[in-house]
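Predicted, not measured: the structure shown is a model, and the values here were computed from it. These numbers come from the heavy atoms of this one structure, side chains and all, not from hydrogens, waters or symmetry mates. Just so you know, residue 1 is the first one in the sequence shown, and it goes up from there.
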Amino acid sequence: MAMLETNIFGIFMLLMLLLIFLIILFACKPWRYFSRFRSSSRFSPFKAGDLQRPLVSDDGNLIQGQTSEVTREYDLEGACYPNEGLLRSSLTEGRAYKQRLPSSSPHPTLGESFVLEVISEPSDNALLGQTLKHPAEKVSLEEVQNYDWQNKRSKDLQYDLEKHRLAELSPGLIKDQRSWLSLEVIAGPAIGLQYAVDSKSTSKLPVNLGRVSPANMVLNDSEVSGKHAQITWNSAKLKWELVDRGSLNGTLLNSRSVSHPNSGSRKWSNPVELASEDIITLGTSTKVHVRISSQNEFQTPFRIGLASDPMAARRGGRKLPMEDVVYYKWPLPGANKFGVFCVCDGHGGVGAAQSASKIIPEVLANILSDTLKKEKVLSQRNASDVLRDVLARTEARLDDHLYEGCTATVLLVWKDGEENLFAQCANLGDSACVFNLDGRYIQMTEDHRVVSLTERKRIQEAGLSLRDGETRIFGINLARMLGDKFPKQQDSRFSAEPYISEPLRIDQSSKDVFAVLASDGLWDVVSPKKAVQLVLQMRGTENSAEKIANGLLNEARTMRTKDNTSIIYLDFDTSL
């Protein structure tokens, strides 16, 4: 009996141990490890070590013996070891990489992840949609994210370095570009005077503004000092700068003083930067308009020299107001390859001359902006109709000048499609223009004083009388002019019909080509033939158009002219 009880107790304990073992077995589920192992070995084509690095898909284009593995390795924080050359080599060999993270583009680009998604393509041995789970998957995702960040930082650094390199190079690129400065006097006795220069023309820099030569812009204004202001090119800042040279009446830039704060010290001011469309005021009356451009839009196909003097000293010091106005513009707005040059000599005041010098280029530009009219000039090589129309419209707009009038000598210059130059002149009064071309001088204007033979003939052919010895009509020595509306209403012998010259062709083979336009202050004492001879002499030793113009002015002064004298000198031989 005792033995039976002992056996029963033993069986019970055995059952209890088996139950405990089964409970522990179900609680621990050790077969799941065998399942994962079987699953990995059955469905994944990768080795365990392959999960530690990027993988590449099969590529039929690989060269024989070439491996498709990427040799870049990563640490657990996503930092890459420096085998950059091998990675770049694999990129240029056409290998296709799959992306761990979804991308909108099917093709990899620099900066995108090169890590393959650790999912094999569906195969016969894998269930559709089944993925491999591995404790290292989270680490791999971190590798992808960290690598993207590292790659992006590398790209940003490369971009910053490139930007910095370009910033270092850009000043050198800018320094190779020219900046063009154009100055035009828009108010004051020298209204219409222009000057243009570029930042590379060191022989013409700095630009000096003053009342006396050798200033680049000679401004015949008693309010302007002999050496008033200067404009320089600052190569370090790549800017044009204005400096007051200790002038007596000061310099303003857009109504703000740029003079030295200690007035009367005659010290130079600090340089002030200029910008396009600025207005420089010299003294109280002369205003200069500034234009700055990176393109050579101000360059003319000839050299220009201007000179002017009221010649008050020739009258024994008596007051002699300046009534001459000179003006030129190249090119005309809306009329490329056309330019105009004007000399207007006022009488009874300067008002009519100032008005005419503004109206003429404005009307001319308006006419030539019409394509048909411009093409007609170019095809016929003749601008007679245009010049006649310009002066007729100008005369019509001077209705308020009842007792003021002016002469007008207008020279139109243009280029054709073959780069040949043409010149044609229209005039009213006794201001004149003369050309020298291939060893001969050509008078481009006609004298319209009452005493000239051409005017006496015109008046007589019109059936009007002119007494012998009569030199003036209504106290005016001119029979043709702009303005003077009241005398014209009273006496029909006055006219505003211009003389139009024949067009002059200047081709590239022409020699010694130049023109002189001037008011009667020059022609009263210097004949056209002598003026040409003087220029030919000066051209032999002097190539500055400004100095040649001043040489003619000095000749008029030497010959004791008693009238305002203004000169425009054009030299078409730019090789000198």
Pair [X] + [Y]: basic N to acidic O under 4.0 Å:
X: Glu455; Y: Arg480; result: yes
X: Asp512; Y: Arg539; result: yes
X: Arg557; Y: Asp309; result: yes
X: Arg178; Y: Asp198; result: yes

For [X] and [Y], work out which heavy atoms get closest and say how close.
X: Leu242; Y: Ala229; value: CD1-CB, 4.1 Å
X: Pro206; Y: Asn216; value: O-OD1, 3.4 Å
X: Leu570; Y: Ile304; value: CD2-CG1, 3.7 Å
X: Ala531; Y: Leu552; value: O-CD2, 4.0 Å
X: Thr471; Y: Val450; value: O-CB, 3.4 Å
X: Lys287; Y: Thr281; value: NZ-OG1, 3.4 Å

Just by modelled atom types, is the [Y] backbone N or O under 3.5 Å from a matching donor or acceptor in the [X] side chain?
X: Tyr403; Y: Phe486; value: no
X: Ser201; Y: Lys204; value: no
X: Ser247; Y: Leu282; value: no
X: Asn234; Y: Leu238; value: no
X: Ser355; Y: Gly351; value: yes

#### Entry: Chi angles and distances behind the ring pair (Phe, Tyr, Trp, His ring centres under 6.0 Å) call for Trp330, Phe302
CA-CA 10 Å; Trp330 178 280; Phe302 30 74; 5.4 Å; yes
### Query
Would Phe514 and Tyr441 satisfy ring pair (Phe, Tyr, Trp, His ring centres under 6.0 Å), going step by step from the backbone distance to the final call?
CA-CA 9 Å; Phe514 58 84; Tyr441 76 92; over 10 Å; no
### Task
For Ser179 and Trp240, test the side chains for any donor-to-acceptor distance below 3.5 angstrom and give the result as yes or no.
yes
### Query
How many angstroms lie between OG in Ser566 and CG in Asp345, if you round to the nearest 0.5 Å?
7.5 Å
List the atom pairs, donor and acceptor, that lie under 3.5 Å between side-chain atoms in residues 273-280 and the rest of the protein, sequence neighbours left out.
from   : atom 1 : to     : atom 2 : distance (Å)
Ser276 : OG     : Ile292 : N      : 3.2
Glu277 : OE1    : His289 : NE2    : 2.9
Asp278 : OD1    : Asn254 : ND2    : 2.9
Asp278 : OD2    : Ala275 : N      : 2.8

### Query
Taking side chain as C-beta onward, heavy atoms only, is Asn382 less than 4.5 Å from Gln424?
yes
### Task
Kindly indicate whether the side chain of Arg458, heavy atoms from C-beta on, has any atom under 4.5 Å from the side chain of His448.
no
### Query
Hey, do the aromatic rings of Phe435 and Phe572 have their centres closer than 6.0 Å?
yes
